[in-house]
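Read through the structure below, which is laid out as structure tokens, and then see the notes.
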Number of protein chains: 2
Amino acid sequence: MNRSTPTPPTGTDAGLAAALRMAVGRLARRLRAQRPDSSLSLGQGSVLFALARHGKMTPGALADHEKVQPPSMTRIIAALEARGLVRRMRHPDDGRQQLVEITEEGSRLVAADQQRREAWLTRRLAELSQEDKEVLRRATEILDRLSQS
Amino acid sequence: MNRSTPTPPTGTDAGLAAALRMAVGRLARRLRAQRPDSSLSLGQGSVLFALARHGKMTPGALADHEKVQPPSMTRIIAALEARGLVRRMRHPDDGRQQLVEITEEGSRLVAADQQRREAWLTRRLAELSQEDKEVLRRATEILDRLSQS
DNA sequence: ATGACTCATTACTTTTGCTAACGATGTCTC
DNA sequence: GAGACATCGTTAGCAAAAGTAATGAGTCAT
């Protein structure tokens, strides 16, 4: 029953919450450590990826999407813009807002960096059974839902 | 308010890796924000919980277990010790090492704090279907395995 | 007994997020 | 239309958490 891995009692919602929280924290740290120097931070990558997927978005929408406060998003966008990966435009209808758009170079980086950035995790995933990966695929959706709620 | 759910293409290992990485990052941020002031940090809680489960451990083993560098673990242990939740002992066989042990008060806090600490996540989990929770239960184990490998 | 290695710690830096306050723009009411 | 109010993004200042490099104490093989 008890492996070397920490396996809290997941029988109750609270127990599952404890175990999940720790697992998520550890994996987040691990992923951060795995990040190559030349690459983007977790937050930057997440935003760039969102832009690649969803097209233009306002900073506010991005902040909402990423569950960070607007000032944090300002910083992330500024970093991306400084590297030429993202471009700002005035919102056509509302002068207060802006639209952030991924640049050509940003798109290339997303594509090229994808493999490098997720290399470690991808390798790990490749070692899993098809069944385990299916569990993670479904869990990812659930986790996203949790974060949004 | 919430736009389209961020659902990267999870068909490939790399796509799943990207989606999982972002989901984990977001949830980690969300959990961090949800933490009450009077309580332990994520790292502290995780360490205390590990000690409650595994008994005495050396700082190095804890750092390894938590995927943190030794100095970070030193800080976490110091914080826990300052609050009387943890006690240090000399290693019987090796003077370089120490053994960290949870105190009575630490154990009490683990038990009492558990519910408060995971309150938000527990609430969210309670809203999920039994099937979703089962997915997360299995995913938690897989995530732990990933972090360790 | 000494030189290399290991473990934990200290000192310093980096990363990353937060809150509060501000300026610019839009909206609403009279 | 003009002034009050709200909204959006930014700036400024701060705090938490983790990383790297260097230090000190202890162990072990030769």
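Every value quoted in this text rests on a predicted model; they were computed, and no experiment measured them. Residue numbers begin at 1 in each chain, while the letters A, B, ... track the order of the sequences.
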For the OG1 atom of A:Thr74 and the CD atom of A:Gln98, what is their distance to the nearest 0.5 Å?
8.5 Å
What is the distance, rounded to the nearest whole Å, between atom NZ of B:Lys67 and atom C1' of D:dG19?
16 Å
Atom CZ of A:Arg75 and atom C1' of D:dA12: how far apart are they, to the nearest Å?
11 Å
Quick check for you: to the nearest 0.5 Å, what is the distance between A:His65 atom NE2 and A:Asp144 atom CG?
7.5 Å
Interatomic distance where CD belongs to B:Gln69 and P belongs to C:dT9 [whole Å]
15 Å
Taking only the side-chain nitrogens and oxygens of A:Ser72, find out if one of them lies under 4.0 Å from OP1 or OP2 of C:dC18.
yes
Atom CD of A:Glu66 to atom P of C:dG17: distance rounded to whole Å?
9 Å
In this structure, would A:Ile142 and A:Val135 fall into the same cluster of hydrophobic residues linked by side-chain contacts under 4.5 Å?
yes
Quick one: are B:Met89 and B:Lys56 in side-chain contact, heavy atoms under 4.5 Å?
yes
Qualifying residues under side chain to side chain donor-acceptor pair (under 3.5 Å), relative to A:Glu134, sequence neighbours excluded:
A:Arg137
Hphob cluster co-occupancy, B:Leu99 + B:Leu48, side-chain heavy atoms under 4.5 angstrom:
no
State whether A:Arg29 places a side-chain N or O below 4.0 Å from either non-bridging phosphate oxygen (OP1 or OP2) of D:dA18.
yes
Provide, to the nearest angstrom, the distance between the CE atom belonging to B:Met89 and the C1' atom belonging to C:dA8.
17 Å
B:Gln44 atom CD is separated from D:dA16 atom P, nearest whole Å, by 11 Å
By salt bridge (charged side-chain N to carboxylate O under 4.0 Å, His left out), which residues pair with A:Arg88, not counting sequence neighbours?
A:Glu81
Once you round it to whole Å, what is the distance between P of D:dC8 and CG of A:Leu99?
13 Å
Using only modelled atom types and a 3.5 angstrom limit, is any donor from either the side chain of B:Arg32 or the base of C:dG17 paired with an acceptor on the other?
no
Polar pairs (N or O, both sides) under 3.5 Å between protein and nucleotides 9-11 of chain D?
unit_1	atom_1	unit_2	atom_2	d
D:dG9	OP2	A:Gly60	N	3.0
D:dT10	OP1	A:Arg88	NE	3.3
D:dT10	OP1	A:Arg88	NH2	2.5
D:dT10	OP2	A:Thr74	OG1	2.9

On DNA chain C, nearest-nucleotide positions of A:Asp93 versus A:Leu42: which is more 5'?
A:Leu42
Nucleotide D:dA17, atom P - distance to CG of B:Leu80 in whole Å:
12 Å
